[in-house]
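First up is the structure itself, then whatever we jot down about it.
Numbers here are sequence positions counted from 1.
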Amino acid sequence: LTQVESFYLEEASNTATQITWSPNSRHLAVSCSRDCLVLFSFESVTQTLKKLLVIADDLIPDVISVRWSSDGRYLLLSGEGPIFVYKFDAVAETLTQTDIQQQTGDQSGGSDWSPDGNYVVTASEQGPVKLYSFNKSNGTLTLQQTIDLSPARLNDVDWSSDGNYVVVTA
């Protein structure tokens with residue numbers, strides 16, 4: 001490993017809680033400990049990061065999970081509050097919120113996209129695992145199934161690369 005570049009979050013003395021590369025490794029999404037998401041572009045030739053935008057909103061929870069869709073067109077945020085879906089425009093390098101799913105009584109833990117990007121699965125501290133279908137034309141989620149695993153306190157969820165299995169941690 002070689003250190004390429006260091007960066008510090010200047011947004012309200014925040015610390016990074018999650019960090020994830022886009023599928024093409026040209027963008028980096030970083031969630032903050034205090035209600036924000038920061039998006040960077042990465043130039044591999046010069047090995048530099050450029051801050052593109054900051055979304056600072058009281059509605060954005062303490063983010064536990066930030067995941068890119070496999071095609072790199074969407075970002076999924078989940079944590080202590082709603083689940084957010086953002087559409088990423090790679091040409092303009094902008095994010096637009098397309099959906100917000102309120103988690104009534106639940107604090108969402110981890111979340112993940114299915115490998116084909118047609119589904120999202122979430123785990124909750126209160127025990128349920130939720131499966132959503134994802135509408136790629138308008139960027140919205142529709143709840144399809146809830147599996148109650150209470151009294152387990154679920155932390156994270158991950159979809160197998162072949163799309164056949166989902167694993168959750170408690």
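By the 4.5 Å heavy-atom criterion applied to side chains, F84 and L37 are not counted as neighbours. Taking 4.5 Å as the limit, every side-chain heavy atom of F42 sits out of range of all side-chain heavy atoms of R26. The side-chain heavy atoms of T122 and V157, taken from C-beta on, include no pair separated by under 4.5 Å.
Looking at every heavy atom in both residues, S22 comes nearest to W68 through N-NE1, 3.3 Å. Closest non-hydrogen pair, E93 versus H27, comes out as OE2-NE2, 2.9 Å. For the pair L53 and I55, the tightest heavy-atom approach, listed with the atom from each and the gap, is CD1-CG1, 3.8 Å. The nearest pair of heavy atoms linking P23 to D71 is CG-C, 4.4 Å. Residues S78 and G110 share a closest heavy-atom pair of OG-C, 3.9 Å.
The CG atom of N118 sits 10.0 Å away from the CG atom of N135 when rounded to the nearest 0.5 Å. For the atom pair CZ (F40) and NZ (K50), the distance works out to 12.0 Å, reported to the nearest 0.5 Å. Rounding to the nearest 0.5 angstrom, the gap separating the CG atom in L77 from the CZ atom in R67 is 11.5 Å. Annotation: the span from K130 atom NZ to I83 atom CD1 amounts to 7.0 Å, rounded to 0.5 Å. With values rounded to the nearest 0.5 angstrom, L52 atom CG is found 7.0 Å from F88 atom CZ. To the nearest 0.5 Å, the span separating CG on D112 from CG on D156 amounts to 8.0 Å.
When each of T20, I19, L39 is checked for a side-chain contact (heavy atoms from CB on, under 4.5 Å) with L28, only I19 meets the rule.
Panel note: side chain S114, backbone G163; no donor-acceptor pair is recorded below 3.5 Å. Judged by distance alone, with hydrogens and angles left aside, the side-chain atoms of D99 form no donor-acceptor pair with the main-chain N or O of V85 at under 3.5 Å. Side-chain N or O atoms of S69 include none that pairs as donor or acceptor with a backbone N or O of G117 at under 3.5 Å. With S65 contributing its side chain and S111 its backbone, the two residues share a donor-acceptor pair below 3.5 Å.
Cluster annotation: V167 and V129 are assigned to distinct hydrophobic clusters (Ile/Leu/Val/Met/Phe/Trp/Tyr, side-chain heavy-atom contacts under 4.5 Å, transitive).
At most 12 heavy atoms of other shown residues, nucleotides or ligands fall within 6.0 angstrom of atom OH in Y119.
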Could you walk me through whether V166 and L131 pass side-chain contact (heavy atoms from CB on, under 4.5 Å), step by step? CA-CA 10 Å; V166 171; L131 177 70; over 6 Å; no
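Taking the six-membered ring where tryptophan is involved, the planes of Y74 and W113 are tilted, since the angle between them lies from 30° to 60°.
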